[in-house]
Amino acid sequence: MKCRKCGAKASVNMRQHRLALCKEHYLEWVPEQTERFIKKYQMFDRGDKILVAISGGKDSLSLWDILVRLGYQADGLYIGLGIDGGINYSSESHRLTEKFANENNLKLHVVDVENEYGQPIPMLSEISHRGHGKPCAVCGLTKRHVMNRIARDLGYDVLATGHNLDDEAAVLFGNTLQWSSEFLLRQGPVLPSTEGLARKVKPLCRFYEREMTAYALLRGIEYIYEECPFAEGSTSIYYKELLNKLETDRPGSKLTFYLRFLEARQRGDLFAEKDIRQANLHPCPNCGQPTSAQGLCSFCRLMEKAEGVATISRSAL
Ligand code: AMP
Ligand code: FES
Ligand code: ZN
Ligand code: ZN
């Protein structure tokens, strides 16, 4: 297989695009495509201050690398979740994120959940009895809250995450199986800013996961290979496997599934306006982030519960 641009030996062959490229041209192609997506979906421009949420995985570290190379003002945010799982998941991902920031002279904000909120994620989850023994729901809620808070408090215009096509197609598949119109209408490369929340963008949403792996490897980015130990057996991994089977038989179907959805939604073909239930958001009286709940937002309710339990266990000593 030869590189389409220079005829040298290809390093990456993308069947779905009928495109093979050598290392040098692949490392040019990925940022060029990212720039194209940023413009196409009007994500941000060079005057915007961008906060990139970094997990220490291949996608978010590659995203940071690409944005900086393209000349955007991008700082990082790492959230220490306190997940060990026998592989030191959190400490290892923190180490690799710091390493990347130091080597590239980039600014990284770090928020440690245990320091800031008194307990690591697995404990917060246990205390709240949410998620049937799996901390993923509490983890997602906490990450969202922290990302929104840091973006708002430090004055960032945009919050960028490293979600790739495999992530987005799996979420879309789940939402389609349920025909959850509220979620379907909100899913996309850009979530506009609302009162008190920065705009959210996913610049890698059109890259296959294997394309991002190839980018990180060819660029020499050191990232955490392991998935979060709690992800095992999750529905989203099951959907990813199903879509991968489909993709093997019909290359390109994952991308088509996602892009045709975006196009249909753009045309207004999917749901009538009346189906868009206005969420009726108001600021949480404690943290100020928008919520549809009566009274405190779900994160503040979680904190209230956790603090109550912490006080009880302290007084029992
Ligand atoms: P995940 O939900 O683990 O698939 O991650 C999706 C995206 O969320 C990543 O690409 C990151 O941008 C962001 N993210 C996940 N975990 C963290 C973390 N611990 N700190 C900061 N950002 C994160
Ligand atoms: Fe949060 Fe796995 S539970 S990353
Ligand atoms: Zn080439
Ligand atoms: Zn709140």
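We count ligands from 1, going down the list as the structure has it; atoms in each ligand are counted the same way.
- Around atom CD of E263, more than 12 heavy atoms belonging to other residues, nucleotides or ligands sit under 6.0 Å away.
- For K143, every heavy-atom contact with ligand 2 shorter than 4.0 Å involves the side chain, none the backbone.
- In plain terms, the two heavy atoms of E168 and Q187 that are nearest each other are O-NE2, 2.9 Å.
- Near C139, with a cut-off below 4.0 Å to any heavy atom, the atoms of ligand 2 are 1 (Fe), 3 (S), 4 (S).
- Checking C297 against the Zn ion (ligand 4), an N/O/S atom falls under the 2.8 Å cut-off.
- The closest approach of H25 to the Zn ion (ligand 3), by N/O/S atoms, is made by ND1.
- Between atom 2 (Fe) of ligand 2 and C228 there is an N/O/S contact shorter than 2.8 Å.
- Heavy atoms from other residues, nucleotides or ligands lying under 6.0 Å from CD of Q42 number 12 at most.
- With respect to the salt-bridge test (charged N to carboxylate O, under 4.0 angstrom), the residues K58 and E209 qualify.
- Close approach of ligand 2 to C136 (heavy-atom distance below 4.0 Å) involves ligand atoms 3 (S).
- Checked against the 6.0 Å centroid threshold, F207 and F37 count as a close aromatic pair.
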